Protein chains: 2
Amino acid sequence: MKYTIKDIAKMAGVSPSTVSKILNNYHDIGEDTKKAVLEVMEKTGYRPSYSAKALATKKSNIIGVIYAGKINADFNHPFFVDVINAFKKNIGEFGYDLLFFSNEKFASSKGDYLSRCRHYQIDGCIIINGDDIEASIDELDHSEIPCIGVDLPLSGKTSGYVTTDNYQVSAKVVEHFYLLGCREIAYIAGNPKSVVSNLRTEGLERAMQKFGIPFREEWVVHGDYFEESGYEAMKKLLSHGEVPQALFAASDLMALGAIRAIKEEGLRIPEDIAVVGCDDIDAARLVDPPLSTVKQDKEKIGKLAAYMLRDLMDKRTDSCSILVEPELIVRQSCGAKSRDGSNRVPVRQTGP
Amino acid sequence: MKYTIKDIAKMAGVSPSTVSKILNNYHDIGEDTKKAVLEVMEKTGYRPSYSAKALATKKSNIIGVIYAGKINADFNHPFFVDVINAFKKNIGEFGYDLLFFSNEKFASSKGDYLSRCRHYQIDGCIIINGDDIEASIDELDHSEIPCIGVDLPLSGKTSGYVTTDNYQVSAKVVEHFYLLGCREIAYIAGNPKSVVSNLRTEGLERAMQKFGIPFREEWVVHGDYFEESGYEAMKKLLSHGEVPQALFAASDLMALGAIRAIKEEGLRIPEDIAVVGCDDIDAARLVDPPLSTVKQDKEKIGKLAAYMLRDLMDKRTDSCSILVEPELIVRQSCGAKSRDGSNRVPVRQTGP
DNA sequence: CTGAAAGCGCTTACAG
DNA sequence: CTGAAAGCGCTTACAG
């Protein structure tokens with residue numbers, strides 16, 4: 001049996017308006033009336049209709065989740081899945097549910113995000129960055145609907161974004177290598193069309209400059225984030241005849257591919273080449289040698305996104321943006337730790 | 001500017017009823033009228049209000065996604081994330097969006113899934129199985145709302161479920177070991193409270209019986225699916241003094257933990273102990289030796305769930321259930337393939 | 001402190 | 001083939 005606000009009103013001997021006010025925590029309600037109504041609600045297990053409320057208030061308590069642009073995989077993206085997870089948890093505590101747009105049905109009008117948000121009367125959006133962002137994201141960004149970008153700089157008046165400080169990602173690695181005495185650093189970058197990837201390359205270049213390490217173009221090669229491309233990239237790097245002291249790969253998978261190539265050449269890790277990856281995937285700690293890597297604070301990113309979006313929706317803040325510090329996870333592949341886990345004193349000689 | 005059905009009607013010189021009929025593809029509409037209205041819609045970029053429609057029709061075009069019971073992680077569960085991904089893709093093509101319930105806000109009434117589904121006028125549900133299922137799942141299962149369980153047998157008149165054939169999971173491993181000449185098979189099981197885990201244990205027992213292999217209680221030990229528990233379990237197994245010819249672990253992570261323990265004892269894989277895991281996580285193909293494993297067909301499970309739910313919602317079918325075949329992925333850890341990838345003739349002697 | 005009434009934007013018999 | 005009217009279940013000024 002499904003009850004409406006009218007039923008409850010009748011059963012409690014009051015008007016629907018009164019019930020509505022109790023539902024919405026108005027304070028000018030008599031104690032006795034309130035108690036009586038609450039009792040009826042309890043007894044009947046009454047639950048207000050969501051769509052009726054949404055229709056009347058033009059508010060939905062629903063947050064839209066958009067995977068913008070081309071993205072390798074929606075849910076099973078190793079980075080975003082954790083971010084969304086943390087986001088869901090935190091925004092859930094504010095009473096919002098999450099609506100994932102299906103792109104398939106509306107393939108033609110897929111881009112028309114604003115219309116779709118209005119259609120559902122979405123209260124706010126979280127937009128996950130892929131490659132080749134559609135133009136209509138811009139439209140949404142600059143609409144009246146609050147949006148938070150993840151790894152995607154938004155500029156609308158009711159928008160904000162959270163990103164890992166991608167400069168720091170490479171800067172931390174460079175610093176670490178520097179302190180270990182490595183000056184010849186090779187780099188396997190990601191897709192040169194990706195904003196994130198380019199920020200990291202830039203960060204690497206700057207950090208090396210800062211430490212007075214020469215940045216050599218021929219030691220930068222691009223992959224596609226997957227293992228095979230890391231293998232190929234490393235083969236190419238080694239084909240020059242020179243062996244770099246250290247390697248930074250923009251993804252753990254590429255780092256693992258590179259390690260395979262290095263081993264095939266009969267070189268040792270970290271003795272001949274120190275390796276650091278990026279992402280901290282599960283496999284990183286399970287392979288041999290355990291892979292040092294840079295980890296993004298996905299929990300914090302998701303949580304910040306939730307809090308920022310809430311503030312935006314409540315009009316407590318204007319557009320805002322935050323950079324989150326990445327963390328360097330030191331395992332054995334970079335040579336800073338010996339197999340038994342103790343710290344090792346850097347013994348390398350600098351320069352050729 | 002937001003248009004309503006009234007605006008469109010006025011601009012096209014017809015009644016709202018007519019517009020509504022065009023929106024809903026009624027066939028008794030004059031060609032000219034239709035064309036005129038469509039034109040206005042196009043020009044204005046009109047999008048009907050979702051909540052108004054939902055209120056009037058009591059249909060939402062939204063599918064609820066419920067993670068029932070305690071589950072280690074919602075989105076980043078290695079198995080379910082792929083299932084949901086495939087589900088989303090397929091159900092999206094039927095025009096449905098996905099609503100993920102936030103459990104946090106409603107912690108007290110968390111269990112009251114039925115109310116919440118009615119509240120949103122959810123058209124159907126997909127329910128993901130965790131441990132210790134709440135009683136209210138049962139209520140939902142037996143309600144008028146169509147539900148599909150994943151790894152969760154539902155019994156309602158408008159419910160169905162899809163599961164991997166968990167008997168086959170262990171049966172395939174046993175058969176494989178048998179053909180390699182292994183008769184002494186140890187097993188690291190999962191949580192003894194988990195239905196799935198118990199089905200697999202049962203399947204193992206039966207299959208071994210079928211092949212005339214003795215099932216020894218002392219060679220079954222339980223873990224919690226994570227790496228450390230696999231390590232501990234293997235230590236325990238080896239502490240008996242006897243070394244099994246083969247090991248099946250109910251998760252890849254436990255298999256990797258076990259491999260660590262085996263290596264520590266100075267034993268070789270697969271020469272001394274052949275190992276097969278379960279899940280086919282990324283790390284499985286990246287470790288040394290690459291881990292043989294059993295893979296569930298997550299794509300198919302997600303797709304079937306979508307099709308079955310659609311049929312249930314359209315009342316094209318009654319309750320239904322499907323078992324999906326698992327697949328054995330042969331790599332090097334089980335001894336069937338040599339390092340160079342060629343097949344190896346089983347050379348083991350049977351028995352002690 | 002409480003209630004009558006209009007309105008949110010659709011759909012759906014029903015009449016013509 | 002088209003339209004007038006009632007209804008879906010809430011909220012919100014407004015009056016008292």
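Only a predicted model underlies this, so the values are computations on that prediction, with no experimental measurement involved. Values below: every heavy atom of this structure, side chains too, minus hydrogens, waters and symmetry copies.
- Using the six-membered ring where Trp is involved, B:Phe94 and B:Tyr307 have ring planes that are perpendicular, over 60° apart on the 30 and 60° scheme.
- Electrostatic pairing of A:Arg118 and A:Glu144 counts as a salt bridge here, judged by a charged N lying under 4.0 Å from a carboxylate O.
- Here B:Ser49 lies in heavy-atom contact (under 4.0 Å) with sugar-phosphate atoms only.
- The residue A:Ser20 sits close to a base: some heavy atom pair falls under 4.0 Å.
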- Item | Verdict with reasoning, B:Leu99 to B:Ile63, per side-chain contact (heavy atoms from CB on, under 4.5 Å) | CA-CA 6 Å; B:Leu99 185 75; B:Ile63 303 297; over 6 Å; no
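- Contact of the A:Ile5 side chain with the A:Pro48 side chain is not registered, since no non-hydrogen atoms from C-beta on lie closer than 4.5 Å.
- If you check every strand for non-hydrogen atoms under 4.0 Å, A:Thr33 touches sugar and phosphate atoms only.
- Heavy-atom nearest nucleotides on DNA chain D were determined for B:Val14 and for A:Val19, and the one closer to the 5' end corresponds to B:Val14.
- If you look at A:Tyr67 and A:Phe80, their ring centroids are not closer than 6.0 Å.
- Toward the 5' end of DNA chain C, the nearer of the two residues B:Leu23 and A:Pro16, judged by each one's closest nucleotide, is A:Pro16.
- B:Lys58 comes within 4.0 angstrom of sugar-phosphate atoms only, judged by non-hydrogen atoms across all strands, and of no base.
- Between A:Lys59 and A:Asp123 there is a salt bridge, since at least one side-chain N of the basic residue sits less than 4.0 Å from a carboxylate O of the acidic one.
- When the nearest nucleotides of DNA chain D are assigned to B:Ala56 and B:Gly30 by heavy-atom distance, the more 5′-ward of the two goes with B:Gly30.
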- Message: Counting Watson-Crick and G-U wobble pairs with both distances under 3.5 Å, what is the dot-bracket string for DNA chain D, 5' to 3', using [ ] for crossing pairs and | for pairs to another strand?
- Response: |||.||||||||.|||
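- For the side chain to side chain contact (heavy atoms under 4.5 Å, CB included) criterion with A:Ile22, the lone passing option out of A:Ile8, A:Val14, A:Ile29 is A:Ile29.
- Listed here is the closest heavy atom pair of B:Gly302 and B:Ala86: CA-CB, 4.0 Å.
- Taking a heavy-atom distance under 4.0 Å as the criterion, the stretch of DNA chain D touched by chain B extends 5' to 3' from D:dC1 to D:dG9.
- Within 4.0 Å of A:Ser17, counting heavy atoms only, lies at least one base atom of the nucleic acid.
- The 5' end of DNA chain C is approached more closely, in terms of each residue's nearest nucleotide, by A:Gly13 than by the other of A:Gly13 and B:Tyr46.
- Taking the six-membered ring wherever Trp is involved, the centroid distance between the rings of A:Tyr50 and B:Tyr120 falls below 6.0 Å.
- Counting non-hydrogen atoms under 4.0 angstrom, B:Ile29 reaches the backbone sugars and phosphates but no base.
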